[in-house]
Amino acid sequence: MQTQLFVATNPPHREVDQHAVASLLGLEVQATSLKIGFPAPEVLAATDPDPARDFAERMHDTGLSVTLFDGKDLAVLPWPEVASSFALRPEGLEAQVNQSMVTVPWDTPVTAVYWKPPPDFASPVVPVGVLKALSGPDLTEAVQFQAGIDLFYSELGEVRRISIVRGVTDFGGLDGLGAGSPTEQLELMLSELDRRFDLPTIDTRLENVRPRQRFAMGDDTFDMDMRKLFSYGTLLLRQALMAVSPELGGLTQYELGCRVAYVLNRARQTG
């Protein structure tokens, strides 16, 4: 696993000198303003440690909030385990994951990352039976246009990740959560997680972010415009991720976004 440091935006930003950011990125101010206004974290650079630290410092001086992290922090995170159902017990969140019950006590520090396409995004419908039979990268591929919540927490010193996915997780039988549209159910669930856990971190920066197309070699729809730099779907980002781990090269945007959001929140919490 190659050492590769990533510099990512970490909104919300402070007062930003757009011309200074444009100069550092080698972009026109108009293109830069789009990056500054993008609500989700976005990779701006991926390089060796010394250049990455220098670049992060110069970006920070422009007023842009950025975080430096090691690419391996993305690679070591687990694939999601989708809960087929759950219950809000007095002792904690109880979830049916695969063939076992998992309980996350309410005093467990958790990070909940919420992702959802915009309302006008028409997402393909994958049958629930098919989704429940999938795992790992196959699962993230199938739900890449769905909405959901990734709940990250530590169990026996290892990071665990339980996903609550629209159209897959059963909300039935829960007061106030069994009614309403699937998206309304997710938003109510997010509020319950925030209210019930003692130390929750709720990250909604992937809400209403339109999923982008991944880079595919030979795809004639791929935009070679280098102004996008390390944005999702660019060759530069794919190459940087694959230098860390081949598994990272094919991540969907929400899968990558959830991993980056968790890593950035952990960086904030640990200083």
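What you see is a predicted model; the values in this text were computed from it and never measured. Throughout, residue positions are numbered sequentially from 1 according to the sequence presented.
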Participant: Verify, without hydrogens or angle tests, whether Gln96 (side chain) and Ala83 (backbone) share a donor-acceptor contact under 3.5 angstrom.
Facilitator: no

Participant: Establish, for the pair Arg160 and Trp79, whether the NZ or CZ atom is under 6.0 angstrom from the six-membered ring centre and no further than 45 degrees off its axis.
Facilitator: no

Participant: Without swapping roles, check the side chain of Asp70 against the backbone of Lys72 for a donor-acceptor pair under 3.5 Å.
Facilitator: yes

Participant: Look up atom CG in Leu256 and atom CG in Leu251, then write down how far apart they are to the nearest 0.5 Å.
Facilitator: 5.5 Å

Participant: Parallel, tilted or perpendicular: which describes the rings of Trp115 and Tyr254, with under 30° parallel and over 60° perpendicular?
Facilitator: tilted

Participant: Rounded at 0.5 Å granularity, tell me how far CG in Leu186 sits from OG1 in Thr169.
Facilitator: 7.5 Å

Participant: Which residue, Asp54, Thr62, Asp61, forms the side-chain hydrogen bond (donor to acceptor under 3.5 Å, both in side chains) with Arg58?
Facilitator: Asp54

Participant: With a 4.5 Å limit on heavy-atom distance, are the side chains of Thr234 and Leu229 in contact?
Facilitator: no

Participant: Walk me through whether Trp106 and Leu88 qualify under side-chain contact (heavy atoms from CB on, under 4.5 Å).
Facilitator: CA-CA 10 Å; Trp106 297 123; Leu88 306 177; 3.9 Å; yes

Participant: Are any non-hydrogen side-chain atoms of Val263 and Arg259 less than 4.5 angstrom apart?
Facilitator: no

Participant: So Thr9 and Leu44, do their side chains get closer than 4.5 Å, heavy atoms only?
Facilitator: yes

Participant: Distance-only, no hydrogens or angles: does the Asp48 side chain make a donor-acceptor pair with backbone N or O of Asp50 under 3.5 Å?
Facilitator: no

Participant: I'd like to know if the side chain of Asp138 reaches the main chain of Leu134, judged simply by a donor and an acceptor atom lying under 3.5 Å from each other, with no hydrogens or angles considered.
Facilitator: no

Participant: Strictly by modelled atom types, are Ser231 and Lys35 linked by a side-chain donor-acceptor pair under 3.5 Å?
Facilitator: yes

Participant: Around atom NE2 of His13, are there more than 12 heavy atoms of other residues, nucleotides or ligands at under 6.0 Å?
Facilitator: yes

Participant: For Glu155, does the CD atom sit with more than 12 other heavy atoms under 6.0 Å from it, leaving out its own atoms?
Facilitator: yes

Participant: Report the distance from atom OH of Tyr153 to atom OG1 of Thr108, rounding to the nearest 0.5 Å.
Facilitator: 8.0 Å

Participant: Mark yes when over 12 heavy atoms from residues, nucleotides or ligands other than Glu15 sit less than 6.0 Å from its CD; otherwise mark no.
Facilitator: no

Participant: Would you call the rings of Phe69 and Phe6 parallel, tilted or perpendicular if under 30° counts as parallel and over 60° as perpendicular?
Facilitator: parallel

Participant: So does Asp73 pair up with Arg266, basic N to acidic O under 4.0 Å?
Facilitator: no

Participant: Taking the six-membered ring of Phe38, is NZ or CZ of Arg212 closer than 6.0 Å to its centre and within 45° of its axis?
Facilitator: yes

Participant: Does Arg161 come within less than 4.0 Å of Glu255, counting only side-chain N to carboxylate O?
Facilitator: yes

Participant: Is there side-chain contact between Arg53 and Thr47, with at least one heavy-atom pair below 4.5 Å?
Facilitator: no

